[in-house]
Amino acid sequence: MDRAKIDRVLMHVAEPSEVLAQVYLATRPDARIGLVEPDWDTLIVDAEDLETSRAFTRYTTEEAVHNATIGRSLAEQAGFRVETLRATTPVFRDFHEADHTLGLGRTMQKAIDGGRGDWDRGHRWITSLSSLALS
């Protein structure tokens, strides 16, 4: 192949290095490969309860997302030459869009159910986020 794109896949597979090895084998040496993976460790939720926001990010990185920081180094390890690295920072100003994309409520509930959070505090955190009138 001359071109390939992997977009938010490696964080979900059991052996991401094997996926990249197969892409490497299936592409020509001068092929262009696009790899897009979020780095969940950089997630910031701007809330008054900063401690809960930080705990949410830790839980997401350590428990909720299988390969939360997968995009950092595997491409070069697989043999690809990395020419460009681009970081983007999406900013959600609408709670429902953020919740849909990031799973704020769902992930907080999993953390609470798993004993990694306090129900009252988690509920207050989600409620405060959902009540923000953002434009």
Quiz item: Asp113: what forms a side chain to side chain donor-acceptor pair (under 3.5 Å) with it, not counting sequence neighbours?
Solution: Gln109

Practice problem: Go through the structure and list residues passing side chain to side chain donor-acceptor pair (under 3.5 Å) with Asp49, not counting sequence neighbours. | Solution: Thr52, Arg121

Quiz item: Should the heavy atoms of other residues, nucleotides or ligands under 6.0 Å from CD1 of Ile44 be counted, would the total exceed 12?
Solution: no

Quiz item: Near Glu15 CD, under 6.0 Å, is it more than 12 heavy atoms from other residues, nucleotides or ligands?
Solution: no

Quiz item: For the residue pair Asn67 and Pro16, what are the closest heavy atoms and their distance?
Solution: ND2-CG, 3.7 Å

Quick one: side-chain contact (heavy atoms from CB on, under 4.5 Å) partners of [X], sequence neighbours excluded?
| X | answer |
| --- | --- |
| Asp46 | none |
| Arg3 | Arg32 |
| Ile6 | Val9, Leu10, Val19, Leu20, Val23, Leu35, Glu37 |

Quiz prompt | Of all pairs that satisfy side chain to side chain donor-acceptor pair (under 3.5 Å), the ones with a partner from residues 20-31, not counting sequence neighbours | solution = Asp2-Arg28, Glu18-Gln22, Arg28-Asp30

To the nearest 0.5 Å, what is the distance between [atom1] ([X]) and [atom2] ([Y])?
| X | Y | atom1 | atom2 | value |
| --- | --- | --- | --- | --- |
| Leu25 | Met1 | CG | CE | 10.0 Å |
| His96 | Ser130 | NE2 | OG | 7.0 Å |
| Ser53 | Arg58 | OG | CZ | 10.5 Å |
| Thr61 | Leu43 | OG1 | CG | 7.0 Å |

Quiz item: Does the side chain of Phe80 reach to within under 4.5 Å of the side chain of Leu74, using non-hydrogen atoms?
Solution: no

Self-check item: Any side-chain heavy-atom pair of Pro38 and Met11 under 4.5 Å
Solution: yes

Practice problem: Please go through Leu85's hydrophobic cluster and name the other residues, only I, L, V, M, F, W, Y counting, with side-chain heavy atoms under 4.5 Å joining them. | Solution: Val82

Self-check item: Sequence-distant partners of His12, ring-ring contact (aromatic ring centres under 6.0 Å, His included), two or more places apart
Solution: none

Exercise. Please confirm whether the backbone N or O of Leu104 pairs with a side-chain atom of Thr107, one donor and one acceptor, at under 3.5 Å?
Key: no

Self-check item: N/O donor-acceptor pair under 3.5 Å between Ser131 side chain and Ser128 backbone
Solution: yes

Quiz item: With sequence neighbours left out, what residues match Glu63 under salt bridge (charged side-chain N to carboxylate O under 4.0 Å, His left out)?
Solution: Arg116

Quiz item: Who passes salt bridge (charged side-chain N to carboxylate O under 4.0 Å, His left out) against Asp118, sequence neighbours left out?
Solution: none

Exercise. Among residues two or more places apart or on two chains, list those pairs meeting ring-ring contact (aromatic ring centres under 6.0 Å, His included) that have a residue in residues 31-74.
Key: Phe56-Trp125

Quiz item: Leu102, Leu50: one ILVMFWY side-chain cluster at the under-4.5 Å cut-off?
Solution: no

Quiz item: Which pairs, with at least one residue in residues 99-109 and sequence neighbours excluded, count as a salt bridge (Lys or Arg N to Asp or Glu O under 4.0 Å)?
Solution: none

